[in-house]
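Written out below as structure tokens is the structure these notes cover.
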2 protein chains.
Amino acid sequence: MTKARVTVIDIAKAAGVSKSTVSLVLQGSSLVNEATRAKVNAVMRELGYVYNRGAANLRQAGAKSRIIGVVVNDLTNSFFAELAVGVDMVVQSAGFVQFLSNTGESIDRQREVVASMREHGISGLIVSPARATDAADFKPLVAAGIPVVVVVRNLPGAKVSSIVSDNRAGMMSAVKHLAALGHKRIAFLGGFPDTAVFDDRLAGYRSGMEAAGLDYHEELVIAAAPSRAGGVEAIGKAIALGRRPTAAVCFNDAVAFGVCDGLRARRLEPGADFAVVGFDDVIEAQAAVPALTTVSVDPQGIGRRGAQMLLKQINAGKAEAETVTTAVRLVVRESCGAGKAAPVRTGKSVKSKQDAE
Amino acid sequence: MTKARVTVIDIAKAAGVSKSTVSLVLQGSSLVNEATRAKVNAVMRELGYVYNRGAANLRQAGAKSRIIGVVVNDLTNSFFAELAVGVDMVVQSAGFVQFLSNTGESIDRQREVVASMREHGISGLIVSPARATDAADFKPLVAAGIPVVVVVRNLPGAKVSSIVSDNRAGMMSAVKHLAALGHKRIAFLGGFPDTAVFDDRLAGYRSGMEAAGLDYHEELVIAAAPSRAGGVEAIGKAIALGRRPTAAVCFNDAVAFGVCDGLRARRLEPGADFAVVGFDDVIEAQAAVPALTTVSVDPQGIGRRGAQMLLKQINAGKAEAETVTTAVRLVVRESCGAGKAAPVRTGKSVKSKQDAE
DNA sequence: GTAATTATTTGGAACGTTCCAATTCTGTCA
DNA sequence: TGACAGAATTGGAACGTTCCAAATAATTAC
């Protein structure tokens with residue numbers, strides 16, 4: 001009952017030309033006569049033809065599927081959602097489509113989705129690898145000539161392009177800002193020590209302390225889950241310290257929010273009684289009370305850049321693996337106690353969110 | 001240099017069987033001898049074979065691509081991000097993959113991505129249509145036998161399945177809650193009047209007022225963009241009213257946040273001086289200060305349900321268009337002024353967000 | 001030991017496109 | 001008018017799979 005698919009041959013027959021000509025029209029070749037082209041297009045419209053990319057792709061077995069895969073750990077995290085949107089923007093305007101999957105930080109899931117994407121013939125992959133991803137995991141892909149761009153977290157051993165934000169510089173500027181505000185004991189709270197991102201941010205913290213002429217005390221570095229709950233836990237430990245800190249830089253914004261919660265639970269007002277600075281500048285950061293001073297990393301920009309890099313590699317056929325570090329900037333709001341001072345270095349405005357159903 | 005693709009024929013040759021047998025193994029047919037199967041599988045692993053779904057799909061020209069398309073308006077809105085995650089969960093565990101695209105509320109973009117998805121041979125589509133989507137827009141899809149499930153916003157004329165939350169009941173319970181708290185003049189703030197969702201929520205508001213024995217005053221319904229900015233604008237107008245309201249139900253959480261902002265700008269404390277209730281229960285709702293009382297719609301659940309419905313239709317070959325309305329529940333927090341009273345009807349706990357890079 | 005079953009395996013012929021080499025159709029020029 | 005160039009068109013032959021009907025191998029029944 002459902003009528004058979006309209007194929008290029010049907011078009012050819014109806015337009016009185018050969019299938020080759022129709023194919024030529026499809027690819028916008030300049031070899032075909034203007035009148036014929038018009039005729040063919042008309043017939044296509046009339047019969048409701050839909051291009052079968054699968055078939056085309058089969059013939060021109062190359063990286064021409066125009067599908068690019070995107071894999072993230074946690075889409076519900078607005079950081080990654082924005083990243084995906086950034087990718088989608090450039091990918092879509094280049095005539096590609098996006099295959100998006102969510103690993104939920106599961107390495108098995110990641111393997112599954114990547115395999116599935118491969119079967120579907122993606123022409124490139126952008127991935128924010130799940131924790132503990134093996135650097136060799138993407139080896140087969142690149143061996144098969146499929147460009148891979150790693151974002152957000154870098155994969156030390158892998159010979160793929162990557163684009164990460166400047167965690168070191170970001171954390172350093174956060175620490176320097178707090179030091180300039182007069183703080184001497186500044187804690188580093190949250191994050192899992194086994195990750196590269198943690199290492200980078202911690203390194204930035206140490207450099208910042210040093211640059212400000214402050215001593216580094218191991219007790220002030222308190223690891224915890226990079227989540228709100230982790231933040232609560234970390235600030236608890238920090239406050240229990242003999243000489244308690246007066247300020248903290250946090251592994252990320254979620255931790256920072258948790259720290260604020262923990263402070264309030266102890267009748268301390270974030271901003272006034274204790275300075276806290278986050279990292280990421282997630283959407284909630286500016287809406288929270290007090291608004292969070294944080295290091296803005298522009299996830300959407302990373303997505304766009306990653307996509308551009310990937311497309312470049314796809315078009316080039318073969319490209320060197322390059323590593324890019326994107327700049328970050330400190331956005332001063334209220335939680336650091338800098339008061340209502342106009343935000344410094346605020347740069348471009350953050351797009352206000354729409355919540356429209 | 002890049003060695004040619006390993007095909008089923010290569011496997012056949014290496015394993016000393018015919019390509020047909022390899023194909024049988026691929027599909028897990030029970031016709032093939034256990035020993036042969038093992039042998040073939042071994043060879044496949046050894047040669048690093050990757051299945052070419054495109055080719056397979058070409059042969060068995062049916063709805064067997066195992067790709068399902070997902071189209072949302074605004075991925076950066078956590079509501080839709082969660083929805084997409086819900087879809088991904090069930091879709092992925094059913095062995096399908098997800099094609100996700102973002103229209104950014106642009107109807108042209110929507111047309112583009114849907115067309116592109118069709119070319120790629122999706123076996124089904126889940127869509128939260130952009131505003132002003134024509135009901136006939138998905139006609140060709142269903143005519144071609146591709147099941148479509150519309151979520152969140154319904155499309156009156158279209159003969160497709162849809163799954164929307166119970167906007168009416170949700171808004172009604174919000175109003176009744178405020179009335180029970182003693183409020184008499186309750187406003188309805190935000191939202192664009194030309195949408196079905198707006199109509200439903202407004203209807204719920206009216207029913208709620210009526211049920212509580214309160215009069216409906218047209219002046220208390222103030223439309224505005226369904227965004228934070230819209231909320232600020234709406235509360236401004238509400239407060240300028242002769243007899244100002246003492247409480248408001250908002251079109252959604254974003255509006256509610258804007259209303260809170262607007263209140264504070266006038267030295268009114270949300271919760272204490274003016275009660276506000278949102279709609280959606282986005283992640284930020286519980287983290288905000290004051291925590292937002294809102295109607296929880298469980299976007300992830302909608303995503304899961306939508307995906308299940310779609311898969312059912314795909315498997316059934318042909319399914320009737322059904323419409324499902326999902327239950328919602330009021331989550332009482334602080335912004336309604338119900339104080340620190342333990343949340344009533346809190347149901348299942350909301351998963352705490354992780355922000356882990 | 002042969003016939004009848006049953007269990008495996010196997011060559012093509014599709015599927016809808018693109019590519020290649022070859023063909024036909026225009027004129028144009030001597 | 002015939003030869004020639006360029007423009008436009010065209011039949012196959014791929015691409016990597018699945019399906020079908022048919023062939024072969026293994027087993028059982030008489």
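Letters A, B, ... mirror the listed sequences (proteins, then strands); counts begin at 1.
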Counting side-chain heavy atoms from C-beta on, which of C/dC15, C/dT17, D/dT18 comes nearest to A/Ala56? C/dT17

Given D/dG16, C/dT9, C/dT18, identify the nucleotide with an atom nearest to the side chain of B/Leu31. C/dT9

On DNA chain D, nearest-nucleotide positions of A/Ser30 versus A/Lys19: which is more 5'? A/Ser30

Do the side chain of B/Ser20 and the base of C/dG11 come within less than 3.5 angstrom through a donor-acceptor pair of N or O atoms? yes

For B/Ser23, answer base if it contacts any base atom (sugar-phosphate contacts may also be present), sugar-phosphate if it contacts only those atoms, and nothing otherwise; contact means non-hydrogen atoms under 4.0 Å. base

Nearest-Å distance for atom pair OH/P, residues A/Tyr51 and C/dT17: 8 Å

Quick one: is B/Gln27 getting a side-chain N or O under 4.0 Å of the D/dC19 phosphate, OP1 or OP2? yes

How far apart are the closest heavy atoms of B/Ser162 and B/Asn154, and which atoms are they? OG-CB, 4.3 Å

Side-chain contact check for B/Arg59: nearest option of C/dA13, C/dT10, C/dT17 is C/dA13

Take atom CZ of A/Arg53 as the centre, draw a 6.0 Å sphere, and report whether it contains more than 12 heavy atoms from other residues, nucleotides or ligands. yes

Any A/Thr36 side-chain nitrogen or oxygen under 4.0 Å from OP1 or OP2 of D/dT9: yes

Whether B/Ser65 side chain and B/Gly121 backbone form a donor-acceptor pair below 3.5 Å: yes

Whole-Å distance, A/Met44 CE to C/dG16 P, equals 16 Å

Name the closest nucleotide to the B/Gln60 side chain, picking from C/dT10, D/dT17, D/dT18. D/dT18

B/Arg5 CZ to D/dA14 C1', in whole Å, measures 15 Å

Give the rounded distance in Å between these two atoms: CZ of B/Arg37 and C1' of C/dT9. 14 Å

Over how many whole Å does the gap from B/Glu34 atom CD to D/dA26 atom P extend? 17 Å

Is any side-chain N or O of A/Ser18 closer than 4.0 Å to OP1 or OP2 of D/dT10? yes

According to a strict under-4.0 Å criterion, is B/Thr7 in side-chain N/O contact with OP1 or OP2 of D/dC15? no

Round to the nearest Å and state the distance from A/Ile9 atom CD1 to D/dG12 atom P. 12 Å

Starting at CG of B/Asp10 and ending at C1' of D/dG16, how long is that distance when rounded to a whole Å? 10 Å

Separation of C/dT10 P from B/Asn33 CG (nearest whole Å): 11 Å

Quick check: on DNA chain C, is the nucleotide nearest B/Leu24 upstream (toward 5') of the one nearest B/Ala55, or the reverse? Name the residue that is more 5'. B/Leu24

Taking the side chain as every heavy atom from C-beta outward, state whether A/Val87 and A/Leu100 have any pair of such atoms under 4.5 Å apart. no

State, without any angle test, whether A/Ser106 and A/Thr103 hold a side-chain donor-acceptor pair at a distance under 3.5 Å. no

